[in-house]
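Encoded as structure tokens, the structure appears first; notes follow it.
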Amino acid sequence: MPDILTKVFDSKRSLAVAVVTEIEREAKSAIDSRGAFHLVLAGGSTPGAVYERLATRSHHWPSWNFYFGDERCAPAGDELRNDTMARASLLDKIEVPDHCVFSIPAEHGPVVGAVEYSNSLKRVGYFDLVLLGLGEDGHTASLFPGNYWGEDSDCDSALPVTNSPKPPSDRVSMSVGRLSCSR
């Protein structure tokens, strides 16, 4: 078991500053080493401040690739969706090509959305950085306690979620195995 480092922040602003600093450090390292940076974005309420701060920074955005750890099954552009929040706070404010943003097609439902996202992730090796939040019930992405998390080695990269205890009940989530494929 690796050592766990815990940091406590005074405010969401100080947390956002620290997270953006870490993202930028990892991005520079990845781009210098491999020519691209692969970042998995988290949903929820806290990451919005991070994304807004990141949007004010100057980077070579075409070298960045954005993925999503999970998504609620709602129409594209719906305010419930994580990619809607990420677009409003970051992606629509920077010059990133559309082909560098890998949204989960959750508008097609949990099963089809999971299959389509798994297929799109087959072309992606390791992520450079995965941002995860922690829900009040201990969930991360849409991997809820008591549900299958996809820890098997032959598991698909994305899982359909049809019984989320938090509305909406239908979602698509990266599996724990795929989220763990990160530098």
Side-chain angles (χ1 to χ4, degrees), residues 2-5 7 14-44 46-71 76-77 81-108 113-133 140-143 149-159 172-183:
D3 291 336
I4 297 175
L5 174 65
K7 294 183 181 181
S14 63
L15 171 65
V17 169
V19 172
V20 167
T21 299
E22 183 67 19
I23 291 170
E24 290 176 329
R25 187 179 68 75
E26 293 296 328
K28 181 179 180 340
S29 175
I31 293 167
D32 288 350
S33 300
R34 294 175 295 285
F37 178 54
H38 298 273
L39 173 64
V40 178
L41 300 175
T46 304
V50 171
Y51 303 156
E52 287 172 3
R53 183 170 191 80
L54 190 59
T56 67
R57 311 292 288 180
S58 177
H59 293 286
H60 183 65
W61 295 112
S63 298
W64 292 51
N65 294 278
F66 298 91
Y67 307 86
F68 294 86
D70 72 316
E71 189 58 85
R81 289 179 60 115
N82 293 329
D83 67 355
T84 300
M85 179 273 293
R87 286 182 187 284
S89 58
L90 172 64
L91 300 172
D92 289 346
K93 296 178 179 181
I94 62 175
E95 293 185 27
V96 62
D98 288 341
H99 71 270
C100 293
V101 178
F102 297 82
S103 291
I104 298 174
E107 65 273 14
H108 298 157
V115 168
E116 290 178 0
Y117 205 53
S118 287
N119 287 336
S120 72
L121 293 174
K122 286 180 181 176
R123 297 182 298 268
V124 180
Y126 278 85
F127 300 120
D128 293 299
L129 184 63
V130 174
L131 300 176
L132 295 171
T140 192
S142 283
L143 302 173
W149 288 9
E151 51 275 290
D152 302 328
S153 61
D154 62 345
C155 179
D156 288 331
S157 292
L159 304 172
V172 176
S173 183
M174 275 196 208
S175 66
V176 73
R178 189 61 178 107
L179 288 167
S180 298
C181 288
S182 176
R183 290 181 177 87

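Any value given below was found using the heavy atoms of this structure, including those in side chains, with hydrogens, waters and symmetry copies removed. Just so it is clear, the model here is predicted, and its values are computed rather than measured.
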- Query: With a cut-off of under 6.0 Å to the ring centre and 45° to the axis, is Arg178 in cation-pi contact with Phe127?
  - Reply: yes
[X] side, atom [atom1]; [Y] side, atom [atom2] - distance, nearest 0.5 Å:
X	Y	atom1	atom2	value
Leu143	Glu151	CG	CD	9.0 Å
Leu39	Leu129	CG	CG	5.5 Å
Glu22	Leu131	CD	CG	10.0 Å
Leu54	Leu91	CG	CG	9.5 Å
Arg81	Asp70	CZ	CG	10.5 Å
Ile104	Tyr67	CD1	OH	12.5 Å

[X] side chain vs [Y] backbone, donor-acceptor pair below 3.5 Å:
X	Y	result
Ser173	Ser142	yes
Ser175	Leu159	no
Ser33	Ala30	no
Ser103	Asp83	no
Glu71	Pro105	no

Side-chain contact test, heavy atoms from C-beta onward, threshold under 4.5 Å: evaluate it for [X] versus [Y] and give yes or no.
X	Y	answer
Leu121	Met174	yes
Phe37	Trp61	no
Phe66	Ile94	yes

Provide the closest heavy-atom pair for [X] versus [Y] in the form atom of the first, atom of the second, distance.
X	Y	value
Glu26	Asp128	OE1-O, 4.4 Å
Ala86	Phe68	CB-CE2, 3.7 Å
Gly48	Ser89	O-CB, 3.9 Å
Val172	Ala158	CG1-CB, 4.1 Å
Phe102	Tyr117	O-OH, 2.8 Å
His60	Ser63	CD2-OG, 2.8 Å

- Query: Does Asp32 CG have over 12 foreign heavy atoms under 6.0 Å away?
  - Reply: yes
- Take atom NZ of Lys93 as the centre, draw a 6.0 Å sphere, and report whether it contains more than 12 heavy atoms from other residues, nucleotides or ligands. yes
- Item | Verdict with supporting geometry, Thr21 and Ile23, side-chain contact (heavy atoms from CB on, under 4.5 Å) | CA-CA 6 Å; Thr21 299; Ile23 291 170; over 6 Å; no
- Could you check whether the rings of His59 and Trp64 sit parallel, tilted or perpendicular, using 30° and 60° as the cut-offs? tilted
- Message: Here's a test for you: under side chain to side chain donor-acceptor pair (under 3.5 Å), which of Arg123, Glu116, Lys122 qualifies with Asn119?
- Response: Lys122
- Message: Checking Arg183 against Ser29: is there a side-chain donor and acceptor pair closer than 3.5 Å?
- Response: no
- Query: Can you list the steps and then say if Tyr126 with His38 is a side-chain contact (heavy atoms from CB on, under 4.5 Å)?
  - Reply: CA-CA 8 Å; Tyr126 278 85; His38 298 273; over 6 Å; no
- Message: Pair Val101, Val96 - check side-chain contact (heavy atoms from CB on, under 4.5 Å), show working.
- Response: CA-CA 8 Å; Val101 178; Val96 62; 4.1 Å; yes
- Task: Could you go through the side-chain contact (heavy atoms from CB on, under 4.5 Å) check for Met85 and Leu90 one step at a time?
- Result: CA-CA 8 Å; Met85 179 273 293; Leu90 172 64; over 6 Å; no
